[in-house]
Amino acid sequence: MTQSNERKLTIARAMAEAIAQEMRTDPGVFVMGEDIATLGGVFGNTRGLVEEFGRERIRDTPISETGFIGAAVGAAQDGMRPVVELMFADFFGVCFDAIYNLMAKNTYFSGGKFKVPMVLMTSTGGGYSDAGQHSQCLYGTFAHLPGMKVVTPSNAYDAKGMMTAAIRDDSPVVYMFHKSLQGMGWLGTEQGASVHTPEEDYTVEFGKAKVVREGRDVTIVSLAMGVHHALKAAAELEKSGVSPEVVDLRTLVPLDRDTIRASVAKTGRLIVVDEDYHSFGVSGEVIASVVEHDISVLKAAPQRVTAPDAPIPYAREMEQFFLPSPAKIVDAWGRMKAA
Amino acid sequence: MTQSNERKLTIARAMAEAIAQEMRTDPGVFVMGEDIATLGGVFGNTRGLVEEFGRERIRDTPISETGFIGAAVGAAQDGMRPVVELMFADFFGVCFDAIYNLMAKNTYFSGGKFKVPMVLMTSTGGGYSDAGQHSQCLYGTFAHLPGMKVVTPSNAYDAKGMMTAAIRDDSPVVYMFHKSLQGMGWLGTEQGASVHTPEEDYTVEFGKAKVVREGRDVTIVSLAMGVHHALKAAAELEKSGVSPEVVDLRTLVPLDRDTIRASVAKTGRLIVVDEDYHSFGVSGEVIASVVEHDISVLKAAPQRVTAPDAPIPYAREMEQFFLPSPAKIVDAWGRMKAA
Amino acid sequence: MTPSKEQLHWMYETMVTSRRFEETIEKIYLEGKQPVFNMASGPIPGEMHLSNGQEPVAVGVCAHLEKGDIVTATHRPHHEAIAKGVDLNRMAAEIFGRATGLSGGRGGHMHLFDPEVNFACAGIIAQGMGPAVGAALSRKMQGKPGVAVAFIGEGAANQGAFHEAMNLAALWKLPFICVIEDNSWGISVAKKDSTAVARNDVRGAAYGVPGVYVEGNDPWKIFEAAGDAVARARAGEGPSLIEVETYRLAGHFMGDAEGYRPKGEKEALFARDPIPAMRKRLLDEGAADEAKLKELEARAEDRVSAAIDFARSSAAPAPEDALTEIFA
Amino acid sequence: MTPSKEQLHWMYETMVTSRRFEETIEKIYLEGKQPVFNMASGPIPGEMHLSNGQEPVAVGVCAHLEKGDIVTATHRPHHEAIAKGVDLNRMAAEIFGRATGLSGGRGGHMHLFDPEVNFACAGIIAQGMGPAVGAALSRKMQGKPGVAVAFIGEGAANQGAFHEAMNLAALWKLPFICVIEDNSWGISVAKKDSTAVARNDVRGAAYGVPGVYVEGNDPWKIFEAAGDAVARARAGEGPSLIEVETYRLAGHFMGDAEGYRPKGEKEALFARDPIPAMRKRLLDEGAADEAKLKELEARAEDRVSAAIDFARSSAAPAPEDALTEIFA
Ligand SMILES: Cc1ncc(C[n+]2csc(CCOP(=O)(O)OP(=O)(O)O)c2C)c(N)n1
Ligand SMILES: Cc1ncc(C[n+]2csc(CCOP(=O)(O)OP(=O)(O)O)c2C)c(N)n1
Ligand SMILES: [Mg+2]
Ligand SMILES: [Mg+2]
């Protein structure tokens, strides 16, 4: 696309636009959550909606996540298409039963007869010193449990198309947006997340990872914020003649193992970048998915750049030490080469 | 040890004995949970305790998991050593914040100054048609999150020693016991779980996997109920001249990667057996832990025998199809050889 | 509000249907479980929570409900399902884990779902509350009629979900009713050992919601209290909270030795079995004669045997269907 | 119960300490965040929830507490921490993320933990309730003195944890007090849009617990209500529920544009700032003269500047210490 046609949106605006467009055409769509009406969402992703759709359909809730997420399940089963917000993914512990035992399983328990077409949007990620109860990604936690799709956009184009797809999906979708990609100034912002985003509605299909940068020497698999770290590391590595390929998973459930495997088959090397905790999560799954398919493709031991298995620290020095970064990816390449 | 000295206990009795012994010597130890007093625990693991220690220290609770697990955190921080029961691991969704955001993190948040010496014991597993909200293992869910140790005994000896160690540990320990290993007749029972268990108190160190059967051709890594499947499969495979080694992980956090790696380095082949969901869990982590260490050890693509990424079905035919089994492990070996 | 003759006949027949159904299930459940009781064995595996004794609550409330109204039930759902009109054949087949079951055997007895009559379950304590409140919200937002009822046990009223959902329903003035079946036990824990107040109707005050306690497991009184609440809900006046004194004649689940019951409790409860009591009162008050009652009872028996036959003669599900219907 | 002169002096000085502390933090927080406000920047990064305006609640309650009593606080903990006697130097250092901080910079402003005075926080709404109830249980079981107080916001009273913990505390008759700071806002959502009842004191009835609502953000009245509750708790008479009308003079957190506030609300609140009001009343009633007040204020200033100096001059933590103190 040409510069002149460009219409850069932040992820926050892309999300709000997708929701608004669906609300205009489908009266069943409504939004529920804390501070999503007047405030427009703590992370801006419902801004402008209450002005257009009013307080019935853009519905502020009490701080009762079990109550209103459970209610969304009931409304969805009754023909509505709720979009609910869990303000921080970190809060899942107060309401997860409604999510993973009801939302995710009622379709199965009813033999497919109850549909639960709802979207649970929730923010993830650290990097701005919000400490251990407000900085987690928890990708692995959500993706591990069956019955819900889990999507993690890394840019505004995907964010809009995935929100539209999520709302139209007859299955429950957990939509995890990373705070540093929202385009809210106060959270800092990864500029690379604000990209051209068409005004008309469109969908981004779930289960399709994307090669966001082609390369020959190593595959860097990541998601959300990690994709931007990976792209920066790739640019850095290129300077020393390395050609990295970067794969944006885009959705964790379904997980596009084929694209990962094809890329690693080409490059022979794998680095997984994940801001979620190290063990028993995304990074292990990606590595296992490659080797269980074919052990012959790897030329070096795969590397992980992840958050360590520790609560997330507050102090900047510690948090920066803790989080994945482009430099750590470059280091991982170094270890891989050395090995 | 000789037959004459044998004192076979069920896991349920081994757990109760460990708790009783610690309660006798440490007045800070007490038990809280639903139906753990008069009933002795739905799964028998607190049987006999209320008779000896009374209702103050063996304390039935309302159905308020957030309340009483949160209370255990506060009591532990105040010098007590609570052993609390979450009746089924499946119920974690109503109370996980108290577990993973308080119990697991308050030590860190306080820079090590608040200790949270508590044990959260919880039952796992299916196989008796209890359907999708009462049959889950969720090992990966608990092990993924930092700040809590996670242990999963497969037999009464370990169950007792691990309970004693858990109670004496100054860190929070999640103690996951598999229903089919409890030795409660009404749940069926894996006979192999009831083994010789010394009367005197002892501890089993966390972070030490155990080679429960030595072999040369393939390493079968598993935990809890899966260990018994693995042993049966190994016996079967032996008939056709295959020599499998079986590793019982025993604890997920800390995870003994060294023992896994050493075994696979010897056998060159890996099968992971896990009754928890397939993706983003234990099986992926075990495989990744091997290959990220050394890609040269594997002679065949590693195999997983897990619960699929689906809610757990009720009907016997479906549930048996769904669960890991010795036959599926034998099949995995077949795939591995064929590959 | 008093039930009409027709309503009384329906209530009695439905109670008897539920009781006969459970008596039959109880027997079949034990097939293959003797002499060794192993939950995994027999034609009906898994946990089995009987509701016998609690039938008056289900019929007293559901007498006021239409097909389009919503009910969420618990781990102990038979009486409520039958009273709400869930297809008895497919329900029986579900309990037997057959392909013809409500969900093709995926859910079993704790997960009965029937969209035809807007019936759903949750095996997790108090977790039917949120979905019922949400269905009520859906009806209000769509301007469609309908009342949503969440049945829970008295033990469930100590769970956070109860509180959050009650507050939401009251705040948004939704056509929602919480019906608490106070059988005085949560497994082995007595109400007085779990609940700081003697009666949960007082908890209505925490939400500005009318609370009523109905004593005596009495179908007439339950009908009256529920009638008021349903009328209130249909008139757009908001939610209600009803707690009903009832009795669990069986154990918490089959296999429960019930050692926690005080001596004599079971005998006392059986002496107050609500089904013979209702029968007697119907006769006494002339609401039905012996012939009519026999007719109702016969119809109940017939429905139950037809359902059991349907279940028994239905095919088992294909094992690999375990992996279908995960997503819509 | 009325506060003694000494108690009043302590209350006033503590309120001023908290206010000066926050005024200073507020300024420093903005260092490095102008012209572009990015939470990640400056000497104090992350979220910053000020409690100015709410100081009377903290001092009115903590005036009755000993070092050994337990307090759990929320995401807005400064006033409570200071009133409970948390070490101000190490608290400041924690907020600055320094190695000398209460937890060496691991927790930050939402996670202030000081075992010396039994003070803990929870950044998750209402999650201080359970731990406070548990500490109260611990004292009762050990036969040790001690009252546990959970401070929560009015928005938190709609969270399930509130309900479960209140029921537990009442059931077990624990020395526990829930103090609700009703600043009428939960971020941007007004109490009337989140809570089905006007005042949360009525929720005491759901647990058979005395509930009191204290109007006017008045240190004297708060002192009195808290005194009754603490006495009750110490006497073994069980828990209490206190809701206090108070005001949040600042935004929810720093950076909040407060567009949700009705016009004029802020001005009205500042006109009722409790600190000048208390000052005036102390003078009017002769509880302190100008000199005494100046002395208290000077001491407050001094403590604050010492704390800030301590924090500023402390070393940053070693990055790799992020991975220590995970387990005990
Ligand atoms: C959140 C949760 N905790 C515990 C359980 C286990 N459990 C199943 S039924 C039951 C007792 C329920 O008591 P009550 O609500 O009075 O219902 P009743 O069984 O008497 O019908 C318990 C504790 C559960 N299913 N969910
Ligand atoms: C369970 C949970 N939900 C949501 C939040 C986000 N959150 C932080 S503060 C807040 C408002 C709290 O309101 P209130 O309890 O009245 O306390 P106040 O901020 O007024 O002191 C919310 C919703 C959270 N921290 N935890
Ligand atoms: Mg009950
Ligand atoms: Mg507030």
Side-chain angles (χ1 to χ4, degrees), chain B residues 27-30 32 55-57 59-82 84 94-118 146-149 169-173 206 253-254, chain D residues 70 72 90 94 99 101-108 110-116 118 120-142 144 146 148 150 159-169 171-172 174 317 321-322 324-328:
Chain B
V29 180
F30 71 106
M32 245 195 309
R55 301 192 165 274
E56 274 289 304
R57 291 182 72 193
R59 188 173 280 269
D60 272 336
T61 64
I63 310 171
S64 307
E65 289 85 354
T66 288
F68 72 77
I69 297 174
V73 173
Q77 290 175 177
D78 198 53
M80 303 290 284
R81 302 187 92 85
V84 279
V94 303
C95 58
F96 210 42
D97 193 75
I99 297 169
Y100 104 106
N101 261 339
L102 303 180
M103 177 187 91
K105 292 182 184 158
N106 277 0
T107 293
Y108 189 80
F109 288 148
S110 67
K113 285 192 218 88
F114 274 109
K115 299 198 191 322
V116 191
M118 62 184 269
M148 48 195 176
K149 301 184 182 175
D169 202 309
D170 277 344
S171 296
V173 178
F206 298 159
V253 181
Chain D
I70 297 103
T72 62
R90 304 201 62 197
E94 185 62 31
L102 289 167
S103 72
R106 290 178 189 79
M110 271 193 280
H111 305 286
L112 303 175
F113 285 77
D114 189 351
E116 295 299 313
N118 292 287
C121 282
I124 307 296
I125 293 304
Q127 286 289 357
M129 293 286 295
V133 167
L137 172 64
S138 163
R139 296 304 168 87
K140 193 177 179 188
M141 287 181 73
Q142 295 186 60
K144 279 195 195 159
Q159 180 73 210
F162 166 81
H163 176 66
E164 296 191 7
M166 285 302 303
N167 182 61
L168 269 190
L171 181 71
W172 292 341
L174 301 178
D321 280 354
T324 59
E325 311 298 354
I326 301 164
F327 291 106

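Below, chain A is the first sequence line, B the second, and so on; all start at residue 1. Computed from heavy atoms alone, side chains included, the values below leave out hydrogens, waters and symmetry copies.
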Quick check on Ile326(D) against chain B: is it the side chain, the backbone, both or neither that has a heavy atom closer than 4.5 Å?
both
Once you round to the nearest 0.5 Å, how far does CD1 of Ile124(D) lie from OH of Tyr100(B)?
6.5 Å
To the nearest 0.5 Å, what is the distance between CG (Asp78(B)) and CG (Asn118(D))?
6.0 Å
Quick one: which of Ala136(D), Ala165(D), Pro115(D), Gly104(D) has the most heavy-atom pairs under 4.5 Å with chain B, could you say?
Pro115(D)
Side chain, backbone, both or neither of Ala132(D) within contact of chain B (heavy atoms, under 4.5 Å):
neither
Go through the structure and list residues passing salt bridge (charged side-chain N to carboxylate O under 4.0 Å, His left out) with Glu56(B), not counting sequence neighbours.
Arg59(B)
I'd like to know whether Arg57(B) forms a side chain to side chain contact (heavy atoms under 4.5 Å, CB included) with Met141(D), so could you lay out the CA-CA distance, the side-chain angles of the two residues, the decisive distance to 0.1 Å, and finally the verdict.
CA-CA 8 Å; Arg57(B) 291 182 72 193; Met141(D) 287 181 73; 4.1 Å; yes
What is the ring orientation for Phe113(D) with Phe109(B), classed by angle as parallel under 30°, tilted 30 to 60°, or perpendicular over 60°?
parallel
Mark yes or no for whether Tyr108(B), through its side chain, and Gly107(D), through its backbone, hold a donor-acceptor pair below 3.5 Å.
no
For Leu112(D), is it the side chain, the backbone, both or neither that has a heavy atom under 4.5 Å from a heavy atom of chain B?
neither
Engaged part of Ala126(D) at the chain B interface, taking heavy atoms whose separation is under 4.5 Å:
neither
Examine whether an atom of Glu94(D) lies under 4.5 Å from a heavy atom of chain B, and if so say whether it belongs to the side chain, the backbone or both; otherwise answer neither.
neither
Proximal component of Asp114(D), with respect to chain B [non-hydrogen, under 4.5 Å]
backbone
Is Thr72(D) in contact with chain B via its backbone, its side chain, both, or neither, using a 4.5 Å heavy-atom distance?
neither
Could you have a look at Lys144(D), Arg139(D), Met129(D), Met166(D) and say which one has the most heavy-atom pairs with chain B under 4.5 angstrom?
Arg139(D)
When every non-hydrogen atom of Phe327(D) is compared with those of Thr107(B), the smallest separation belongs to C-CG2, 4.1 Å
